[in-house]
Each structure stands twice: as structure tokens, then as C-alpha cells.
Amino acid sequence: MIFHKHKVIALVGVLSMVATSAWAAAAETTASRVFAADSPSIVVVKAIDANDHALALGSGVVIAKGVVVSNCHVFTENGTESASVLYRNKRFPAKLRYADPDHDLCSLTVPGLGAPPVKMRGTNALEVGEDAYAIGAPEGFVLTLSSGIISSLP
């Protein structure tokens, strides 16, 4: 899991995967600023079959140049390791690079993807009561925003 100092953005439907904003002071952070700062790092992930037909859709977050993290169930439930990533109305072929089914996380290699990586921080700086924002693409609806709070920590 990856977090921002004062605000958290989770991919909708991916509560175990969290991306973060570059905003430093809680007083100046608003949902609209978090969305503006971090939505460029969110992509749609599409699992595809051998005939290039979509099998499943999911959200993804860019964590490094050409590397996207998403949910494993998008791939494992459909028996595919092929995917494409949609970003700014462009499609990029993606390959499954790593899978951790126990935590429902996987990473994809996406050559040529120009989306910026999200800024991250460690979970040790997270506090109960902090605002949390989820940006994602549920059911293919690109860049939705939801809010909540951090209610518990392990």
C-alpha cells in the first residue's frame, strides 16, 4: 500500500491499493485539488482474450514510468495475462509482470504510456481520521471520485 502525507486516494474497488497526492498541508488540500493532482496517474485496465475482446475492466494507478498496479482478480477470474491500458483516449498494450493473488494486486508493464507516476509515501505516516479519496474507473466510468476517512489501521 502507498499513501500521501495528509490525503489518500484509493482506486475505486481496490481498497488495498492506495495512491497519493503531492499536497503537503491538510489545510490547503481539498477533494478537487487531490483529484486535479492525482487523476493524471489513473488509467483503465482492460483484460483481453486472444481475439482482443474485453473480458474485464478495472482501475489502475501508474507507480513508475510504464508500470501500472491494478487488481489481480481482473486477470485471474478471466484466465488471461493479456491486457491493454486506456489513457487519454489512447490504448496501450500491457503485459502482466507480477501477480500477488493473496493481496489481489498485480503490476503491468505498459511500454509507451506517458501517464505520470503518482507520488507516494509509506503507510507509517498514515493516521486514523485522515480524509481518504478514491479515484478510479468502476465499470469503465473513467475518473470517478469518492471520499471517506481512514477508520482503522493495523
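In this chain, residues are counted from 1 in sequence order.
Shown here for Y87 and G114, the closest heavy-atom pair between the two residues is CE2-C, 4.4 Å. Pairing each heavy atom of V142 with each of A137, the nearest pair is CA-CB, 4.1 Å. Taking each heavy atom of A94 and V85 in turn, the nearest pair found is CB-CG2, 4.0 Å. Residues S41 and P116 approach most closely at OG-O, 2.7 Å, considering heavy atoms. What you find for A125 and E130 is that their closest heavy atoms are O-OE2, 3.7 Å.
In this structure, CG in D100 is found 10.0 Å from OG in S107, a value given to the nearest 0.5 Å. Rounding to the nearest 0.5 angstrom, the gap separating the CD1 atom in I42 from the OG atom in S59 is 7.5 Å.
Side chains of Y133 and F35 form no contact here, defined as non-hydrogen atoms less than 4.5 Å apart. Side-chain contact between L153 and L126 is present, with heavy atoms from C-beta onward closer than 4.5 Å. You'll find the side chain of S84 stays beyond 4.5 Å of the side chain of P93, heavy atoms only. Looking at heavy atoms from C-beta onward, V44 lies in side-chain contact with L57 at the 4.5 angstrom threshold. Proximity of S39 to L143: side-chain heavy atoms (C-beta onward) are separated by under 4.5 Å at one or more points. In this structure the side chain of L86 never reaches within 4.5 angstrom of the side chain of V43, judged on heavy atoms. Counting heavy atoms from C-beta outward, P101 and H73 have side chains that stay 4.5 Å or more apart.
Judged purely by atom type and a 3.5 angstrom limit, N71 uses its side chain to pair as donor or acceptor with the backbone of D104.
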Would you give me the side-chain donor-acceptor pairs under 3.5 Å for residues 45-56, sequence neighbours excluded?
residue : atom : partner : partner atom : Å
D49     : OD1  : N51     : N            : 2.9
D49     : OD1  : D52     : N            : 3.1
D49     : OD1  : H53     : N            : 2.8
D52     : OD1  : R91     : NH2          : 2.4
D52     : OD2  : R91     : NH1          : 3.0
D52     : OD2  : R91     : NH2          : 3.1

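The only member of V62, V68, V67 that meets side chain to side chain contact (heavy atoms under 4.5 Å, CB included) when paired with V110 is V68.
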